[in-house]
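Contents: one structure, followed by commentary.
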Amino acid sequence: MLYAVIDIGSSTIRMAIYNIEYGKIEMLTKKKHLIGLAGYVKNNLMQQQGIDKACDSLNEFRDFLADFHIKNVSAFATAAIRNVKNSRAVVDELQKRTGIAIRVITGDEEAAFDFIGVMHGVDVPTGLIIDVGGGSTELIYYIDKNIEKKISLPLGALSLHTDFVEDFLPSSAEVNDMERYVTYALKKADGFTVPPAPYICGIGGTIKSMRILYNHLFQCNDDNMMLKTADFITMIKKYMRDTAVQEKDIIMLLKSVPDRLQTIVPGMVIIDIICRYFQAEQLTYSDTGMREGYIYDQIISAEQ
């Protein structure tokens, strides 16, 4: 059975097409639009320009699905739409103009889907999962493959860039401000007090891009999934605008993460602070995450 999952995120709108058979999933293709919805939020309201851009992307996806006769479609929205005051009105307009039913998932649901997706691809019984999005960051601490605690923090790679960075790349002072902000958010996270987590698994587009850049900078194989956290601050310092950024490093950045040039450093700041906060020496990237977790929990489980 062909199934489409559309994820309306803070930075990107993504559509993945899966073949689902006998409780197993295979991703066939994916498409994305980098529109930065979180950048269209003013006074905690999604602006009309952001709604229009989202409609354009969703209508393109709708036409693709119609051409290939894919009728099983699930679409959900995360932090950028979830957190604005006009969330209900935004969803109503998107549905009316595209004909696509959209579900706004909560931060708790997002974290739960993250966990389910990771557990189908990682065989580590206890650890911490982090998902750094454009407008939120999910943390899931689990023991013996059961969720112990989870939280969604209202900060992400795009929102940090919007709130703290004046130009394209951040200055050293802006990096310091972002570090303090992320540290403060972690210390104030209600009820999320967990022991040091030597194993941290990272998922999502921000960490995927960071892994690609890491492998290029430190001359690792392209399929390397293990990142040494001690190297993260070195990566961040390479791309602060008031330092002597070397041409070879600029070339590496442009080649590695062309779609995330503005958000990659704020995203790396979040990841670095989280790993330091929980005293992790390594970060492992997993290619399965929220969309896969959604399929296992909301589609496959419902059919069994």
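Remark: the backbone N or O of V132 is paired with a side-chain donor or acceptor of T206 at under 3.5 angstrom. Without hydrogens or angle criteria, N215 side chain to N224 main chain gives a donor-acceptor distance under 3.5 Å. Within the 3.5 Å criterion, the main-chain N or O of D249 finds a donor-acceptor partner in the side chain of Y239.
Distance CZ/R260 to CG/L213: 12.5 Å, rounded to 0.5 Å. Taken to the nearest 0.5 Å, the NZ atom of K238 stands 6.0 Å off from the CG atom of L217. How far CG of N72 is from CE of M1: 5.0 Å, rounded to the nearest 0.5 Å. The CE atom of M235 sits 6.0 Å away from atom CZ of F218, with the distance rounded to the nearest 0.5 Å.
When the side-chain contact (heavy atoms from CB on, under 4.5 Å) test is applied to N83, the partners found at least two apart in sequence or on another chain are A79.
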| Full working for salt bridge (charged side-chain N to carboxylate O under 4.0 Å, His left out) between E179 and R276 | CA-CA 11 Å; E179 289 176 337; R276 282 196 270 162; 3.6 Å; yes

| side chain to side chain donor-acceptor pair (under 3.5 Å) evaluation trace for E138 with S152 | CA-CA 4 Å; E138 279 64 50; S152 179; 2.5 Å; yes

| query | Where do H216 and S256 land on the side chain to side chain donor-acceptor pair (under 3.5 Å) test, with the steps shown first? | reply | CA-CA 8 Å; H216 287 170; S256 301; 2.6 Å; yes

| message | Under the criterion salt bridge (charged side-chain N to carboxylate O under 4.0 Å, His left out), I'd like the reasoning laid out for D92 against K96: C-alpha separation, chi angles, the key distance, then a yes or no. | response | CA-CA 6 Å; D92 287 345; K96 182 178 180 180; over 6 Å; no

| request: Test side chain to side chain donor-acceptor pair (under 3.5 Å) on R62 and T98 and set out the steps. | output: CA-CA 7 Å; R62 179 198 62 197; T98 67; over 6 Å; no

Side chains of residues 25-46: which donor-acceptor partners sit under 3.5 Å, not counting sequence neighbours?
{"residue": "K32", "atom": "NZ", "partner": "D259", "partner atom": "OD2", "Å": "3.3"}
{"residue": "H33", "atom": "NE2", "partner": "E60", "partner atom": "OE1", "Å": "3.4"}
{"residue": "H33", "atom": "NE2", "partner": "E60", "partner atom": "OE2", "Å": "3.2"}

Show the atom names and distances, to 0.1 Å, of all donor-acceptor pairs under 3.5 Å that link a side chain in residues 50-58 to residues at least two apart or in another chain.
{"residue": "D52", "atom": "OD1", "partner": "Q48", "partner atom": "NE2", "Å": "2.9"}
{"residue": "D52", "atom": "OD1", "partner": "R97", "partner atom": "NH1", "Å": "2.8"}
{"residue": "D52", "atom": "OD1", "partner": "R97", "partner atom": "NH2", "Å": "3.4"}
{"residue": "S57", "atom": "OG", "partner": "K53", "partner atom": "O", "Å": "3.4"}

Side chains of residues 8-17: which donor-acceptor pairs under 3.5 Å do they make with residues two or more places apart or in other chains?
{"residue": "S10", "atom": "OG", "partner": "A80", "partner atom": "N", "Å": "3.2"}
{"residue": "S10", "atom": "OG", "partner": "G135", "partner atom": "N", "Å": "3.1"}
{"residue": "T12", "atom": "OG1", "partner": "R14", "partner atom": "NE", "Å": "3.1"}

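Identified under the ring pair (Phe, Tyr, Trp, His ring centres under 6.0 Å) test for residues 122-150, with sequence neighbours left out: F115-Y142. Within the structure, salt bridge (charged side-chain N to carboxylate O under 4.0 Å, His left out) contacts touching residues 123-136 (residues at least two apart or in different chains) are D123-K145.
Between H161 and F168, the shortest heavy-atom distance links the atoms NE2-O, 3.2 Å. Shortest non-hydrogen contact noted between T193 and K149 is O-NZ, 2.7 Å.
Linking Ile, Leu, Val, Met, Phe, Trp and Tyr residues whenever their side-chain heavy atoms come within less than 4.5 Å places L160 and L253 in a single cluster.
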